[in-house]
Amino acid sequence: MGATNKLAENLVLKRDLSPEGRVILYKGRIREAMRVISVNMTKLVLLNIIMLIACIPLIVMVLYYQRTEENAILSGLNFSTGIGIGFGVQDDTALAISQIYDVRMKVYGLTLFPTCLLFGLFASGLYYCCRNMLWGAKIKIRKHFFRGIKAHWYKYVISFAWLGVLATGFACSLIAILKENALYGSANAGWWVLIVATGILALASAIYMIIGNGMYVLYKFKMNEYIKNTCSLALIMFRPAIILVVFFSGVMALFFVNLISVFLMIVMIMIGFSAFAVFSLAFSQYVCDNTIGYLYEEDLKVKRKEQEKQARAKNQAKKKQQAYNKKKRR
């Protein structure tokens, strides 16, 4: 409890950007998020289509370039496995495996980071629109999407740039491990160290982003204050934050299950990114309302009492002075 209080003392307190008189709901955030999604379904689908545009470079590279290159590799090599002894036939299986993994390393190594940058730019508009929906404000997709980008782009680009570095490191180390296991039966220990390190950093970053990405549009802080508040709140609310991160990670893991992956792909194309933004914003708002918002209101109450106390003391002093002046005139 003492550690929590100390972390709470480090929070930078400020009123959020919501309209005056917003009802702060301390329960039912999931229900509220579901209501927002059902009421704004058409707008969220349109926003999701915009977010898919940010993924086009990665989609094209994986579904077109990678497949084309792999097919070219396979068509140009010989896999006769020694048939026709004496005629100089060679089995190119190991060479094919090496070249295919090299192509995948190239695709993900060159594409993940710029895709994350573009996605971060678009995410600033998405989160801004979803925030207004949670606050019950009317939005126009084009107007508010670009307004969100103009006001918050640098916060999300920085956040997703870091995610892009981790994603690139994790993907490349995983591909290297798979390649060396396929060719030599085991992978270099350095790759395992890299994949574990990036995995741990990715988990910590996901916990940060599940709170911080919402805070970016809920409050107006300096960048160092966003980082300070988010890190403090991530430690204070560590258990619910990691539960949420593990849940969404589990949902993403279902993409590797054949039948479920088709259904999830359809959902992701239709509304996946927008729904995630609404739910993560609802959670971030819940965390902020119960910490920054609550402490800010309590601080205001203390300041009001102090002002009232000073006003009473000043009034009493004034009355005493008036009484003294009146007595002196007599």
Side-chain angles (χ1 to χ4, degrees), residues 16-17 33 36-37 40-41 43-59 111-135 137 139-168 170-171 201-221 223 226-227 229-230 233-234 241 244-245 247-249 251-252 267-288:
D16 65 17
L17 300 173
V36 168
I37 291 173
N40 299 280
M41 180 63 75
K43 292 177 180 178
L44 289 172
V45 169
L46 290 174
L47 286 169
N48 206 70
I49 292 172
I50 295 173
M51 296 309 296
L52 286 172
I53 294 173
C55 300
I56 287 177
L58 182 61
I59 293 171
T111 313
L112 280 175
F113 183 74
T115 299
C116 285
L117 289 180
L118 185 59
F119 195 89
L121 181 66
F122 282 30
S124 59
L126 172 67
Y127 273 81
Y128 183 82
C129 290
C130 291
R131 180 206 72 177
N132 288 355
M133 293 177 189
L134 276 171
W135 287 346
I139 69 163
K140 295 180 179 179
I141 296 297
R142 185 175 65 178
K143 177 182 177 181
H144 289 90
F145 185 81
F146 286 104
R147 182 180 293 177
I149 290 176
K150 182 179 179 181
H152 306 286
W153 69 271
Y154 65 96
K155 309 169 193 175
Y156 287 89
V157 168
I158 292 172
S159 186
F160 278 87
W162 172 244
L163 182 64
V165 170
L166 293 178
T168 302
F170 186 88
L201 286 172
L203 177 61
S205 300
I207 295 172
Y208 175 94
M209 292 176 74
I210 206 74
I211 297 173
N213 282 355
M215 193 190 296
Y216 290 155
V217 292
L218 295 173
Y219 288 85
K220 187 176 182 179
F221 291 125
M223 197 64 206
Y226 282 118
I227 296 171
N229 277 3
T230 302
L233 291 179
L244 195 61
V245 168
F247 170 77
F248 282 117
S249 299
V251 171
M252 296 302 293
V267 172
M268 186 61 70
I269 291 172
M270 289 181 61
I271 199 173
F273 296 123
S274 298
F276 175 79
V278 172
F279 279 112
S280 62
L281 262 168
F283 177 72
S284 182
Q285 186 171 267
Y286 159 76
V287 171
C288 293

Distance, nearest 0.5 Å, that separates [atom1] of [X] from [atom2] of [Y]:
X: Met41; Y: Leu46; atom1: CE; atom2: CG; answer: 12.0 Å
X: Phe248; Y: Phe283; atom1: CZ; atom2: CZ; answer: 10.0 Å
X: Leu44; Y: Ile49; atom1: CG; atom2: CD1; answer: 11.5 Å
X: Tyr226; Y: Ile211; atom1: OH; atom2: CD1; answer: 15.0 Å
X: Phe119; Y: Leu52; atom1: CZ; atom2: CG; answer: 8.5 Å
X: His152; Y: Arg131; atom1: NE2; atom2: CZ; answer: 5.5 Å

Does any part of the side chain of [Y], heavy atoms only, come nearer than 4.5 Å to the side chain of [X], both counted from C-beta?
X: Trp162; Y: Ile158; result: no
X: Leu47; Y: Met133; result: yes
X: Gln285; Y: Trp135; result: yes
X: Ser284; Y: Leu218; result: yes
X: Ile141; Y: Ile50; result: yes
X: Leu121; Y: Tyr156; result: no
X: Phe160; Y: Asn213; result: yes
X: Ser274; Y: Leu126; result: yes

Where [X] and [Y] come nearest, the two heavy atoms and their spacing:
X: Ser205; Y: Leu166; result: OG-CD1, 3.4 Å
X: Ile207; Y: Ala241; result: CG2-CB, 3.9 Å
X: Ala123; Y: Met51; result: N-CE, 3.7 Å
X: Leu134; Y: Val278; result: CD1-O, 4.1 Å
X: Thr115; Y: Ala54; result: CG2-O, 3.7 Å
X: Asn48; Y: Ile269; result: ND2-O, 2.8 Å

Decide side-chain contact (heavy atoms from CB on, under 4.5 Å) for Tyr208 and Ile227; before the verdict, give the C-alpha distance in whole Å, the side-chain angles of both, and the deciding distance to 0.1 Å. CA-CA 9 Å; Tyr208 175 94; Ile227 296 171; 3.5 Å; yes
Residue set satisfying side chain to side chain contact (heavy atoms under 4.5 Å, CB included) with Met268, at least two apart, ordered chain then number -> Met252, Phe255, Phe273
Review point. Does the side chain of Ser280 come under 3.5 Å of the side chain of Tyr127 through a donor N or O and an acceptor N or O?
Key: yes
Review point. Would Ile37 and Phe279 satisfy side-chain contact (heavy atoms from CB on, under 4.5 Å), going step by step from the backbone distance to the final call?
Key: CA-CA 9 Å; Ile37 291 173; Phe279 279 112; 3.6 Å; yes
Just by distance, do the side chain of Lys43 and the backbone of Ile139 share a donor-acceptor pair under 3.5 Å?
yes
TODO: Please indicate whether Trp153 has more than 12 foreign heavy atoms, meaning atoms of other residues, nucleotides or ligands, lying under 6.0 Å from its CH2.
DONE: no
